Number of protein chains: 2
Amino acid sequence: MEEATMHKSTLNVTPLLTPGEVATMFRVDPKTVTRWANSGKITAVRTLGGHRRFLEEEVRELLEAVPTQRR
Amino acid sequence: MEEATMHKSTLNVTPLLTPGEVATMFRVDPKTVTRWANSGKITAVRTLGGHRRFLEEEVRELLEAVPTQRR
DNA sequence: AACGATTGGGGTAATTCGGGAC
DNA sequence: CTTGTCCGAATTACCCCAATCG
């Protein structure tokens, strides 16, 4: 579909994830994701109300980052 | 809103298990599961804090008993 | 405005980590 | 050779309640 005929606007938005979604992906508690953000282990964007949102791309990288074993 | 109900988009979810859960399923000590991971016998993903998470699918496969013959 | 679900603060239990030795 | 246990330290989970989200 061409841009001119698209109904929804094609804004360049970086996909964001909620704390709950990130928590699900890592199999941890949402509060744990919050602690990761506070300690600078993961980038966090804030809503105007103070809630955190996370970069989907960064999350996927962090999930793949640590492979398996080490001797 | 529940995870299953949210229409956020197809969030890539690979079901993960904690060391304790895997240990319970195999009826072994969690430390033993850690040893399996360190020796590369089972795949492990890491949380940002260094804790291990295991692939549920792989665990289920490993749990499958071979009645007639092993090895 | 009102509603259910989620999140953000805190505090306190429970797991997990790593090493090491038996 | 595998497994369970011991230890201290670090990480994570669960509890409350008020605020934000959609």
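A, B, ... follow the sequence lines: proteins, then strands. Residue 1 opens every chain. Predicted model only: the values in this text are computed from it and were never measured.
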Peer 1: According to a strict under-4.0 Å criterion, is B/Thr32 in side-chain N/O contact with OP1 or OP2 of D/dT3?
Peer 2: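 Checking B/Thr32 against D/dT3: no side-chain N or O falls below 4.0 Å of OP1 or OP2.
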
Peer 1: Base of C/dG11, side chain of A/Lys31 - is there a donor-acceptor contact under 3.5 Å?
Peer 2: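 No, the side chain and the base share no sub-3.5 Å donor-acceptor pair.
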
Peer 1: Closest nucleotide of DNA chain D for B/Arg27 versus for A/Asp29: which of these residues is on the 5' side?
Peer 2: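 Looking at the nearest nucleotide for each, B/Arg27 comes out on the 5' side.
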
Peer 1: In terms of hydrophobic clustering (I, L, V, M, F, W, Y; side-chain heavy atoms under 4.5 Å; direct or indirect links), are B/Leu63 and B/Val33 co-clustered?
Peer 2: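 Yes.
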
Peer 1: Roughly how far, to the nearest 0.5 Å, is CZ of B/Arg35 from CD1 of B/Ile42?
Peer 2: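 Interatomic distance, B/Ile42 CD1 to B/Arg35 CZ, rounded to 0.5 Å: 15.0 Å.
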
Peer 1: In the strands shown, is C/dG20 matched to any nucleotide by a Watson-Crick or G-U wobble pair with both distances under 3.5 Å, and which?
Peer 2: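 Pairing partner: none.
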
Peer 1: Between C1' on D/dT2 and CG on B/Asn38, what's the gap in Å once rounded to a whole number?
Peer 2: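 So the two atoms are 14 Å apart, to the nearest Å.
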
Peer 1: State whether B/Thr47 places a side-chain N or O below 4.0 Å from either non-bridging phosphate oxygen (OP1 or OP2) of D/dT11.
Peer 2: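 For B/Thr47, the contact criterion (side-chain N or O under 4.0 Å from OP1 or OP2 of D/dT11) is not met.
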
Peer 1: Distance check needed: D/dC21 P versus A/Glu21 CD, whole Å only.
Peer 2: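 About 15 Å, once rounded to whole Å.
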
Peer 1: Once you round it to whole Å, what is the distance between C1' of D/dT12 and CZ of A/Phe26?
Peer 2: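 After rounding, the reported distance stands at 14 Å.
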
Peer 1: So, does A/Thr24 use its side chain to make a donor-acceptor pair with the main chain of A/Gly20 at under 3.5 Å?
Peer 2: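 Here the side-chain-to-backbone pair exists.
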
Peer 1: If the cut-off is 4.0 Å, is A/Arg52 near the phosphate of C/dG9, judged by side-chain N/O to OP1 or OP2?
Peer 2: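 Looking at the OP1 and OP2 atoms of C/dG9, one of them is under 4.0 Å from a side-chain N or O of A/Arg52.
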
Peer 1: Taking only Lys NZ, Arg NE, NH1 and NH2, and the carboxylate oxygens of Asp or Glu, determine whether A/Glu64 and A/Arg60 approach each other closer than 4.0 Å.
Peer 2: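 So A/Glu64 does not pair with A/Arg60 through a salt bridge.
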
Peer 1: So which nucleotide from C/dT7, C/dC17, D/dA13 ends up closest to the side chain of B/Arg53?
Peer 2: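 Nearest listed nucleotide: D/dA13.
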
Peer 1: Side-chain N or O of A/Trp36 versus OP1/OP2 of D/dT11: is the shortest distance under 4.0 Å?
Peer 2: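 No, outside the criterion.
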
Peer 1: Can you find an N or O donor on one side and an acceptor on the other, under 3.5 Å apart, linking the side chain of A/Arg46 with the base of C/dG8?
Peer 2: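 For A/Arg46, whose side chain was compared with the base of C/dG8, there is no donor-acceptor pair (under 3.5 Å).
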
Peer 1: Describe the nucleic acid contact of A/Arg35 in one word from base, sugar-phosphate, nothing, applying a heavy-atom distance below 4.0 Å.
Peer 2: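 Base: the residue A/Arg35, judged by heavy atoms under 4.0 Å, touches a nucleobase.
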
Peer 1: Does a side-chain N or O of B/Thr34 approach OP1 or OP2 of C/dG18 to a distance below 4.0 Å, or not?
Peer 2: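 No, no such contact exists.
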
Peer 1: Between B/Glu21 and B/Arg53, does any NZ, NE, NH1 or NH2 come within less than 4.0 Å of an OD or OE carboxylate oxygen?
Peer 2: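 Here B/Arg53 does not pair with B/Glu21 in a salt bridge, since their nearest N and O are not under 4.0 Å apart.
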
Peer 1: Take atom CG of A/Leu48 and atom C1' of D/dG22, then tell me their distance rounded to the nearest Å.
Peer 2: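 In whole Å, D/dG22 C1' lies 14 Å from A/Leu48 CG.
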
Peer 1: Grab the CG-C1' distance between A/Leu16 and D/dG22 for me, whole Å please.
Peer 2: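 Distance check: A/Leu16 CG to D/dG22 C1' gives 16 Å.
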
